Number of protein chains: 2
Amino acid sequence: MPGTNLDFPARLRAAGLRPTRQRVALARLLFEGGHRHVTAESLHVEVKTAQMPVSLATVYNALNQFRDAGLLREVVVAPGRSYFDTNTGHHHHFFVEPDGALHDFPSDKVTIAGLPAPPKGTRLSRVDVIVRVRR
Amino acid sequence: MPGTNLDFPARLRAAGLRPTRQRVALARLLFEGGHRHVTAESLHVEVKTAQMPVSLATVYNALNQFRDAGLLREVVVAPGRSYFDTNTGHHHHFFVEPDGALHDFPSDKVTIAGLPAPPKGTRLSRVDVIVRVRR
DNA sequence: TGCAGTCTTTAGAATTGTTCTAAAATTCTT
DNA sequence: AAGAATTTTAGAACAATTCTAAAGACTGCA
């Protein structure tokens with residue numbers, strides 16, 4: 001991704017987070033390659049495999065902090081499990097039903113027309129489109 | 001709702017479910033009035049209040065069976081909690097963010113254009129649109 | 001109607017995903 | 001390097017849901 005800052009300590013600091021060893025390691029795994037989807041559990045396995053043990057609680061803390069800081073977006077598609085998406089831009093998701101795989105698709109080409117106005121007293125926050133598919 | 005069958009034992013039987021006392025009681029609460037959204041917990045409170053005690057496990061069983069039988073639709077909008085919707089027709093949802101309230105809106109007027117084709121090897125199952133709003 | 005056979009309910013235990021706690025370790029400022 | 005503030009951690013706690021196995025209810029058939 002051109003223009004992406006690979007200096008993770010700096011990026012974390014810019015987001016108001018101390019660049020601890022653990023957070024830098026997780027940020028590297030999350031943001032070094034292309035966009036990805038992880039769960040706390042999957043990221044925990046990954047970071048352990050990468051010889052960089054980080055406790056599960058820290059993985060949860062970091063994911064929540066990264067999300068709050070706008071570095072990640074939380075995607076709710078399946079009951080009882082939260083996915084986090086490194087793509088924070090406008091886009092939507094395919095969700096492959098039995099296996100739980102998630103794929104992004106850009107929202108450029110997608111147009112949604114005829115949405116009703118938000119209930120009064122509320123303002124629009126986000127529109128999520130989840131295209132559920134089966135094998 | 002005109003045309004709706006209020007003979008719950010018959011409806012359950014038609015869905016391949018034995019019309020037990022508990023299932024009939026739950027079906028009555030769910031389908032007697034207009035469309036509704038419930039969680040297992042909320043329905044459990046309701047059925048207890050209605051002097052018709054049904055164990056929480058049975059509420060979970062019934063909701064899952066009703067969903068599998070096509071009488072209910074499961075809606076995933078918030079992490080760690082499943083909503084069930086008595087409206088099984090084509091429609092989408094408003095989700096009011098801090099309080100967790102859900103509102104249906106019909107999909108008649110809504111058009112979604114430009115969706116990409118499903119990943120190969122998969123076929124479309126459903127498109128969910130969740131309009132998240134905040135107070 | 002009575003009875004066997006099958007399915008359902010139930011309370012409580014178990015499981016799963018996530019958050020909390022309080023002590024130890026790390027990071028930041030000086 | 002010292003002190004203050006934040007973070008990490010293991011394990012406990014928690015919340016939502018599912019499982020277990022014993023007791024109860026529904027069904028079909030005599």
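Numbered from 1 within each chain, the chains take letters A, B, ... in sequence-line order. Here the structure is a predicted model, which means the values were calculated and not measured.
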Nearest-neighbour nucleotide for the R18(A) side chain, dG17(C), dT10(C), dT26(C) considered: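 Nearest nucleotide to the side chain: dT26(C).
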
Closest to the R23(A) side chain, choosing from dT7(D), dA25(D), dT9(C):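 Selected nucleotide (nearest to the side chain): dT7(D).
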
Per the end-axis method with five pairs at each terminus, what is the bend angle of the helix from dT1(C)-dA30(D) to dT30(C)-dA1(D), to 10°?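 End axes: 30° apart.
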
Answer with base, sugar-phosphate or nothing: what part of the nucleic acid does [X] contact at a heavy-atom distance below 4.0 Å?
{"X": "T39(A)", "result": "nothing"}
{"X": "P79(A)", "result": "nothing"}
{"X": "P9(A)", "result": "nothing"}

In residues 56-73 of chain B, which ones come under 4.0 Å of DNA chain C, going by heavy atoms?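 Here the set is A57(B), T58(B), N61(B).
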
Do [X] and [Y] have side chains that approach each other closer than 4.5 Å (heavy atoms only, starting at C-beta)?
{"X": "F31(A)", "Y": "L72(A)", "result": "yes"}
{"X": "R132(B)", "Y": "D128(A)", "result": "yes"}
{"X": "H90(A)", "Y": "D108(A)", "result": "no"}

Under 30°, 30 to 60°, or over 60°: which ring-plane class applies to F95(A) and Y83(A), parallel, tilted or perpendicular?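 Perpendicular.
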
Checking the side chain of S125(A) only, and the main-chain atoms of R134(B) only, is there a donor and an acceptor separated by less than 3.5 Å?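 The answer is no, because no donor-acceptor pair under 3.5 Å joins these two groups.
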
Okay, side chain of R36(B), backbone of L29(B): is any donor-acceptor separation there less than 3.5 Å?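 At least one qualifying donor-acceptor pair exists.
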
[N] OP1/OP2 closer than 4.0 Å to side-chain N/O of [X]:
{"X": "Q22(B)", "N": "dT10(C)", "answer": "yes"}
{"X": "R21(A)", "N": "dT26(C)", "answer": "yes"}
{"X": "T20(B)", "N": "dT9(C)", "answer": "yes"}

What are the two closest non-hydrogen atoms of E74(A) and R126(A), and how far apart are they?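 Distance-wise, the nearest heavy atoms are O-NH2, 3.6 Å.
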
Please find the pair of heavy atoms, one from R23(B) and one from F66(B), that lie closest to each other, and give the distance.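 Smallest interatomic distance, heavy atoms only, reads O-CZ, 3.8 Å.
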
Provide, to the nearest angstrom, the distance between the [atom1] atom belonging to [X] and the [atom2] atom belonging to [N].
{"X": "L43(A)", "N": "dG17(C)", "atom1": "CG", "atom2": "P", "value": "15 Å"}
{"X": "R81(A)", "N": "dT17(D)", "atom1": "CZ", "atom2": "P", "value": "14 Å"}
{"X": "H44(A)", "N": "dT9(D)", "atom1": "NE2", "atom2": "C1'", "value": "10 Å"}
{"X": "L17(B)", "N": "dA25(D)", "atom1": "CG", "atom2": "C1'", "value": "15 Å"}

One pair to check against side-chain hydrogen bond (donor to acceptor under 3.5 Å, both in side chains): D104(B) and H37(B). What are the steps and the verdict? CA-CA 9 Å; D104(B) 285 359; H37(B) 300 102; 2.7 Å; yes

